[in-house]
Amino acid sequence: MKFEPVTSRFFEQATESLAYQLLDLVLVHESPEGLVAGRIVECEMYQGPDDKGAHSFGGKPTPRTAVMYGPPGHAYIYLIYGMYYCFNVVTGEAGLPHAILVRALEPLVGVDVMLSRTRNKSVASNRLAAGPGKLCQVLGIDRRLNAHALWRPPLYLARPMSRWPTYQVARGPRINIGYAGEAQAWPWRFWVVGHPAVSVKAPPVRVESPADRTEEGEHA
DNA sequence: GAGTTGATCACT
DNA sequence: GTGATCAACTCT
């Protein structure tokens, strides 16, 4: 299976439009243990400084969140709960601290390498990366890749050589941001309807047809 | 419900 | 500078 990296120009669009488009793409890591890649099936957008759920809420850059304030298309990777990493795509023009958390992907290449990195021996192979912490674990992503430009190796977004079958996108509230006040309810999580690699089952606010997606992308 | 580490913040 | 708090998670 071959993949074509996106260009830096790809990231020069509104965050919500990018969130939808991530579901067309593959995340590739040319790791020391081998190439691993998977189709992105779930993501969440975070739009500081007004989003109480975002690390960039309030608008004051910190050492951790500095990369979110830079130009789009770079990786924002942070340690969560002392044990897991989460991988984000920085979006929004420089100065606008937006990012999209990639929550789940469908393993496509290097499943053997992914299996060797997981501790849970009984997990189904299509759920090896069903969750942001597991995703980073099986792809071998850690803080060393923070701020990496995501249009070049060893870590990049890519288009598959052939398009995915037609699919629907659902959107709903984001996961585990109970501290975020009313932002908790904002429908800023996006996922491929019915896909087995999606991390958490939750009722969508609404389901959109491919035509809806196209229309929304053009308006963005 | 526990595990585990470091960023962040409210204080000296 | 120092200490307390707690997190965009995962598995038991």
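Throughout, protein chains are lettered first and strands after them, A, B, ... in sequence-line order, and every chain is numbered starting at 1.
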Identified side-chain contact (heavy atoms from CB on, under 4.5 Å) partner of Leu139(A) from the options Val113(A), Leu128(A), Leu105(A):
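When side-chain contact (heavy atoms from CB on, under 4.5 Å) is applied between Leu139(A) and each of Val113(A), Leu128(A), Leu105(A), only Leu105(A) qualifies.
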
Residue among Val89(A), Val41(A), Ile141(A) satisfying side-chain contact (heavy atoms from CB on, under 4.5 Å) with Val102(A)
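That would be Val89(A); it is the only one of Val89(A), Val41(A), Ile141(A) passing the side-chain contact (heavy atoms from CB on, under 4.5 Å) with Val102(A).
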
When the distance from [atom1] of [X] to [atom2] of [N] is rounded to whole Å, what number comes out?
X	N	atom1	atom2	value
Arg127(A)	dC9(C)	CZ	C1'	14 Å
Tyr81(A)	dT4(B)	OH	C1'	12 Å
Ile175(A)	dA8(C)	CD1	P	13 Å
Ile77(A)	dC9(C)	CD1	C1'	16 Å

Does dC9(C) have OP1 or OP2 sitting under 4.0 Å from an N or O in the side chain of Asn176(A)?
yes

Looking only at side-chain N and O atoms, does Arg143(A) come under 4.0 Å of OP1 or OP2 in dA7(B)?
yes

Expressed in whole Å, how much space separates the P atoms belonging to dC9(B) and dA8(C)?
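Their P atoms lie roughly 13 Å apart.
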
Inter-nucleotide C1' distance (dC6(C), dG1(B)), Å rounded
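Those two atoms are separated by 16 Å.
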
Only counting residues at least two apart or in another chain, list the ones meeting side chain to side chain contact (heavy atoms under 4.5 Å, CB included) with Ala37(A).
Phe3(A), Val26(A), Val28(A), Leu35(A), Val109(A)

Which distance, rounded to the nearest 0.5 Å, do you find between the [atom1] of [X] and the [atom2] of [Y]?
X	Y	atom1	atom2	result
Ile175(A)	Glu44(A)	CD1	CD	6.0 Å
Trp188(A)	Gln47(A)	CH2	CD	4.0 Å
Thr91(A)	His74(A)	OG1	NE2	12.0 Å
Arg171(A)	Trp186(A)	CZ	CH2	12.5 Å
Tyr69(A)	Leu96(A)	OH	CG	9.5 Å

Could you tell me if [Y] and [X] have a donor-acceptor pair between their side chains, going purely by distance under 3.5 Å?
X	Y	value
Gln13(A)	Gln21(A)	yes
Tyr76(A)	His55(A)	yes
Glu208(A)	Tyr20(A)	yes

Using atom types as modelled, flag every donor-acceptor pair under 3.5 Å from a side chain in residues 149-157 of chain A to any protein atom, sequence neighbours excluded.
from      : atom 1 : to       : atom 2 : distance (Å)
Tyr156(A) : OH     : Glu30(A) : OE2    : 3.0

Does Tyr78(A) make a side-chain donor-acceptor contact with the base of dA8(C), cut-off 3.5 Å?
yes

Where along [range] does a heavy atom come under 4.0 Å from DNA chain C, residue by residue in number order?
range	result
residues 38-76 of chain A	Tyr46(A), Gly53(A), His55(A)
residues 179-201 of chain A	Tyr179(A)
residues 83-91 of chain A	Tyr84(A), Cys86(A), Asn88(A)

Could you name each residue pair satisfying salt bridge (charged side-chain N to carboxylate O under 4.0 Å, His left out) that touches residues 113-127 of chain A, not counting sequence neighbours?
Glu33(A)-Arg117(A)

Going by the salt bridge (charged side-chain N to carboxylate O under 4.0 Å, His left out) test, which pairs reach into residues 51-68 of chain A, not counting sequence neighbours?
Asp51(A)-Arg174(A)

Between Pro72(A) and Ala94(A), which heavy-atom pair has the shortest distance, and what is it?
CD-N, 4.5 Å

Closest non-hydrogen atoms of Ala197(A) and Asn126(A), given as atom of the first, atom of the second and distance, are CB-O, 3.4 Å

By salt bridge (charged side-chain N to carboxylate O under 4.0 Å, His left out) - contacts of Asp142(A) (at least two apart)
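Asp142(A) satisfies salt bridge (charged side-chain N to carboxylate O under 4.0 Å, His left out) with Arg144(A) only.
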
For Glu42(A), all residues meeting salt bridge (charged side-chain N to carboxylate O under 4.0 Å, His left out), sequence neighbours excluded
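Only Arg103(A), Arg189(A) meet the salt bridge (charged side-chain N to carboxylate O under 4.0 Å, His left out) criterion with Glu42(A).
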
DNA chain B: stems of at least 3 consecutive Watson-Crick or G-U pairs, cut-off 3.5 Å?
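In DNA chain B, stems of three or more pairs: B:1-3 with C:9-11, B:5-11 with C:1-7.
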
Name the nucleic acid region contacted by Gly82(A), choosing base, sugar-phosphate or nothing; use a 4.0 angstrom heavy-atom cut-off, strictly under.
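The answer is base, as Gly82(A) lies within the cut-off (heavy atoms under 4.0 Å) of a base atom.
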
Selection: residues 101-123 of chain A, any non-hydrogen atom under 4.0 Å of DNA chain B:
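Output list: empty, so none.
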
Please write out the pairs of protein N or O atoms and N or O atoms of nucleotides 3-6 of chain C separated by less than 3.5 Å, giving the distance to one decimal.
none

If you apply the rule side-chain hydrogen bond (donor to acceptor under 3.5 Å, both in side chains), what do you find for Tyr167(A) with Asp24(A), and how did you get there?
CA-CA 10 Å; Tyr167(A) 62 94; Asp24(A) 281 330; 2.5 Å; yes

